Number of protein chains: 4
Amino acid sequence: MATLTRSRRTVPRRSSGSPRRRSAEIIEAAARVFAERGYHGASTQDIAEVLGIRQASLYYYFASKEIALEQVCLRGVEGFVESAEAVAQGRGSAAEKIRALIHSHLQPIVDRGAYVKVFLRERHRLPDASRRKVGRMSRRYERIVQGILEHGVRTGEFRPDLDCRLATLALLGMCNAVPAWYGIEPRADIERIAREFGDLVVEGLSAGARAGARPRPGR
Amino acid sequence: MATLTRSRRTVPRRSSGSPRRRSAEIIEAAARVFAERGYHGASTQDIAEVLGIRQASLYYYFASKEIALEQVCLRGVEGFVESAEAVAQGRGSAAEKIRALIHSHLQPIVDRGAYVKVFLRERHRLPDASRRKVGRMSRRYERIVQGILEHGVRTGEFRPDLDCRLATLALLGMCNAVPAWYGIEPRADIERIAREFGDLVVEGLSAGARAGARPRPGR
Amino acid sequence: MATLTRSRRTVPRRSSGSPRRRSAEIIEAAARVFAERGYHGASTQDIAEVLGIRQASLYYYFASKEIALEQVCLRGVEGFVESAEAVAQGRGSAAEKIRALIHSHLQPIVDRGAYVKVFLRERHRLPDASRRKVGRMSRRYERIVQGILEHGVRTGEFRPDLDCRLATLALLGMCNAVPAWYGIEPRADIERIAREFGDLVVEGLSAGARAGARPRPGR
Amino acid sequence: MATLTRSRRTVPRRSSGSPRRRSAEIIEAAARVFAERGYHGASTQDIAEVLGIRQASLYYYFASKEIALEQVCLRGVEGFVESAEAVAQGRGSAAEKIRALIHSHLQPIVDRGAYVKVFLRERHRLPDASRRKVGRMSRRYERIVQGILEHGVRTGEFRPDLDCRLATLALLGMCNAVPAWYGIEPRADIERIAREFGDLVVEGLSAGARAGARPRPGR
DNA sequence: CATGAATGAGCATTCATTCAT
DNA sequence: GATGAATGAATGCTCATTCAT
């Protein structure tokens, strides 16, 4: 941050890997910094400092800060649609699918938390073109989830009065909040979280939930 | 951007009310701008533009951008602890309390969405002192919610194996995601959302949820 | 230029005039610096130094370096078309009009040499929109000049074989070169230059130039 | 701009000729780019792009951008003095010499327009040493031209009241404007331009120009 | 109350240049 | 011959903030 106080090149730490890898390291650093400070709150200087290189050197790897954000976001959404599709098209009851989906949704948070966090919180700051691109992927993902719920309703496995849209948003909201506290919260590993989230929600989706648990006045 | 080329003050909209009110208008504008652009993405210029005054004039009302954020955040948390306490100390079953809590949690999103949104997303950007202050309030709030759950477990109304900490985080995550889509999502009014969220979650909390809905291998 | 060696604020020289005047002073400085160093060769820092203010302060007066160039160029073309039109529509022989035109063309070089110089040499660096605007004015000017020549040909005052287009370009080229040496060249005042240029060219335009002065083989 | 996203070398166009030739190609590219964008407006990257090589590779051929400019400028002045000397020392009337000089002055604009253009417009950006060198050549050239005019005056072929200095500057200004529009202006080939310029100016130089063409009030 | 003018600090980005390979 | 990687220095520009009026 400070320019004058910065130690003049700590270590000329150069990754001994392939150029591909080096490029990935740069984006990794960007992801971490964006995740911590937010896109606008992070300076390219901050990123360079993490890497132990000069700020100008970053521009050898990406053309602009915006493009760095784009790359981070792209790696942040990566795989979500695919694994959701796999779940949706797999076998098992709708309830099992929801459980599986929660699990596969939470997995990337462990593997590449920074990317996912940035995608979730900073995607709105993307330039128009790429924002629309990742926006489309998000909507596609939501549609798959909602599809599982709607299928469950049609087969009678889920409540007929379920508002599938709201349930989808609730489910995703719940899951997407995880990066905010995962790693801080002790005893919260993914398996445990996924199980608990499943428990919490699957009953509420299910038909045959004990009537009377909720006052349904004149509905 | 341009200083001279920008149209000089669209409307000299000056509130004819009391100085108190004017001050509130300024913070309202800040809240709206912070909510839309993020704290770091918003400039004091943006705020001034919304108000139709000059950027320098803002400093008559607040001492710094950070303090403006602080005020917005304070109005963003305001009331949460109080209404949660009211719910917790009120009568009714734990399930009813959770439903009531969800409702009272969502209410401010309608009444002062921008403030809440900023509190939720930008509170981390606060300077240390005030961040700790609102942090304490958040944790107090969480403890009240968690208390309701724990009470429900103790009375046998909720599942004995409920992870109250995770359930709290899940519940709040679900609710706190609402500002992100409320207003965009058609047909999603607070009553409806609150009811659906309650339905979704209360069953999963409850004891007597049909065993077998989840494979509990060797548990 | 150098940032570290710059003396920290020589004199907080603030013009005591009106805001209008101050703004004009800024553009004047820009004109001088652009004229000397070229648009791309001049830094906003250079301009600020001339004014004895900080570089950032410039942006209170203009929105971008490009816009500063635009304003300089606009003041650079200013009046040319008008005075050429006045000459064209005035009374007198075509030869007299050419002499008058040369004179009125050279006048601004004395009055606002820097602006004209910048217009002549840097207009190509303008952003598209404004480049086209000043481009249109240039072409209009050329057409007026060429019109005088063509009229002279039609009335028989000028040679029937005169290539009016080339003559126009020659005339303007000759005149537009003046800023490059005016002020350096001793004994070259505008009156003198205008008279000499007129002498040089009017005879060549005129019909009745002694035949045989040029070998016209087989034409 | 982007380094990684830019298409990696369009065509690895490598001259199969001698190293001498390759070096000439590099300077040719520099000339073209400097001519189009100006010295300061052109980046070494721009030059590399024209050649289809990497920016760093340029430094195999020239030691610095300034030196590239120097080489371009040197090729830009090349031959002017020699051919002017040939004209001056040749046979024929002064008028014929002026016509010949115009012609030989315009010729290089066709053959190596970019170089000449850069010399004319960017020579001021040269570092001191080389600027003085080409400056000396320019002045030598001017002196030769002026010499022809003065000789013409002495022999009585040209007007006795001719201001040879101003006439020289006028003549060269006229000619040096050509690169700015040559190639854009239809029907303007060198022969034609040279003839027209000669016609335009030779009469004005000549003694015996009809008195009275210009009002010489009290002279 | 509000503003015009100005500024210090910082920021993303560009650029000429270097150098080991 | 040419390049990939990196860098120091600068550049245009933004921004929060100050202060006299």
Side-chain angles (χ1 to χ4, degrees), chain A residues 1-4 8-9 12 14-15 19 22-23 40 42-48 53-66 68, chain B residues 1-4 8-9 12 14 19 22 40 42-48 51 53-66 68, chain C residues 1-4 8-9 12 14-15 19 22-23 40 42-48 53-66 68, chain D residues 1-4 8-9 12 14-15 19 22-23 40 42-48 51 53-66 68:
Chain A
M1 268 187 171
T3 300
L4 287 176
R8 304 245 127 208
R9 176 146 31 150
R14 196 174 314 181
S15 100
R22 183 63 173 158
S23 199
H40 284 303
S43 72
T44 55
Q45 174 68 280
D46 295 337
I47 301 173
I53 62 173
R54 303 276 152 178
Q55 184 222 24
S57 310
L58 289 175
Y59 284 78
Y60 185 75
Y61 294 99
F62 54 70
S64 75
K65 198 187 168 195
E66 260 179 358
Chain B
M1 250 150 251
T3 301
L4 285 177
R8 307 236 131 209
R9 176 135 41 135
R14 195 175 316 181
R22 182 61 175 157
H40 283 303
S43 70
T44 54
Q45 172 70 324
D46 294 334
I47 301 173
L51 290 160
I53 62 173
R54 304 271 152 184
Q55 184 202 19
S57 313
L58 290 175
Y59 284 78
Y60 186 80
Y61 294 100
F62 54 70
S64 76
K65 199 188 168 194
E66 261 178 357
Chain C
M1 274 187 169
T3 301
L4 288 178
R8 304 246 127 209
R9 177 141 36 145
R14 198 173 313 183
S15 100
R22 182 62 173 156
S23 199
H40 283 303
S43 70
T44 53
Q45 175 67 273
D46 295 336
I47 300 173
I53 62 173
R54 304 276 152 179
Q55 183 227 24
S57 310
L58 290 175
Y59 284 79
Y60 184 76
Y61 294 98
F62 54 70
S64 74
K65 199 188 167 194
E66 259 179 359
Chain D
M1 254 149 246
T3 301
L4 285 177
R8 307 234 131 211
R9 179 143 32 143
R14 195 173 314 181
S15 97
R22 182 62 175 156
S23 197
H40 283 303
S43 70
T44 55
Q45 171 70 330
D46 294 334
I47 302 172
L51 290 160
I53 63 172
R54 304 272 153 181
Q55 184 202 19
S57 313
L58 290 174
Y59 285 77
Y60 186 80
Y61 295 100
F62 53 70
S64 75
K65 198 187 168 194
E66 261 178 358

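Numbered from 1 within each chain, the chains take letters A, B, ... in sequence-line order. Remember, it's a predicted structure, so these values are computed and weren't measured experimentally.
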Nearest-angstrom distance from the residue atom [atom1] of [X] to [atom2] of [N]:
{"X": "D/Ile47", "N": "E/dT14", "atom1": "CD1", "atom2": "P", "result": "18 Å"}
{"X": "A/Tyr60", "N": "E/dC19", "atom1": "OH", "atom2": "P", "result": "17 Å"}
{"X": "B/Phe62", "N": "F/dT17", "atom1": "CZ", "atom2": "P", "result": "8 Å"}
{"X": "C/Tyr59", "N": "E/dG10", "atom1": "OH", "atom2": "P", "result": "19 Å"}
{"X": "C/Gln55", "N": "F/dT14", "atom1": "CD", "atom2": "C1'", "result": "11 Å"}
{"X": "C/Asp46", "N": "F/dA10", "atom1": "CG", "atom2": "P", "result": "12 Å"}
{"X": "B/Glu66", "N": "F/dT17", "atom1": "CD", "atom2": "P", "result": "7 Å"}
{"X": "C/Leu58", "N": "F/dC13", "atom1": "CG", "atom2": "C1'", "result": "11 Å"}

(request) For DNA chain F, write out the stems as range with range, using runs of 3 or more consecutive Watson-Crick or G-U pairs with both distances under 3.5 Å. (result)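 Expected stems, ordered by start: E:2-21 with F:2-21.
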Of the non-hydrogen atoms in [X] and [Y], which two are nearest, and what is the gap between them?
{"X": "C/Lys65", "Y": "C/His40", "answer": "NZ-CA, 4.2 Å"}
{"X": "B/Ser64", "Y": "B/Tyr59", "answer": "CA-CE2, 4.1 Å"}
{"X": "D/Ala48", "Y": "D/Arg54", "answer": "CB-C, 3.8 Å"}
{"X": "D/Thr44", "Y": "D/Leu58", "answer": "O-CD1, 3.2 Å"}

(request) Between B/Tyr61 and A/Ala56, name the one whose nearest nucleotide on DNA chain E is closer to the 5' end. (result)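 Of the two residues, B/Tyr61 wins.
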Less than 4.0 angstrom between a side-chain N/O of [X] and OP1 or OP2 of [N], yes or no?
{"X": "C/Thr44", "N": "F/dT11", "answer": "no"}
{"X": "B/Ser57", "N": "E/dC1", "answer": "no"}
{"X": "B/Ser64", "N": "F/dA16", "answer": "no"}

(message) Quick check for you: to the nearest 0.5 Å, what is the distance between C/Phe62 atom CZ and C/Ile47 atom CD1?
(response)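 So the gap between those two atoms works out to 5.0 Å.
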(message) Base of E/dA12, side chain of A/Gln45 - is there a donor-acceptor contact under 3.5 Å?
(response)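 No, no donor-acceptor pair under 3.5 Å.
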Among the candidates [options], find the nucleotide nearest to the side-chain atoms of [X].
{"X": "B/Lys65", "options": "F/dG8, F/dT17, F/dC13", "value": "F/dT17"}
{"X": "D/Arg54", "options": "F/dA16, E/dT3, F/dG4", "value": "F/dG4"}
{"X": "D/Ile53", "options": "F/dC13, F/dT3, E/dT14", "value": "F/dT3"}

(message) Over all strands shown, is A/Ala42 touching base, sugar-phosphate only, or nothing at heavy-atom distances under 4.0 angstrom?
(response)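 A/Ala42: backbone/sugar contact only, no base atoms under 4.0 Å.
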(request) Identify whether any heavy atom of D/Ser43 sits under 4.0 Å from a base atom; if not, whether one sits that close to sugar-phosphate; answer base, sugar-phosphate or nothing. (result)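 The answer is sugar-phosphate, as D/Ser43 gets under 4.0 Å only of primed atoms, P, OP1 or OP2.
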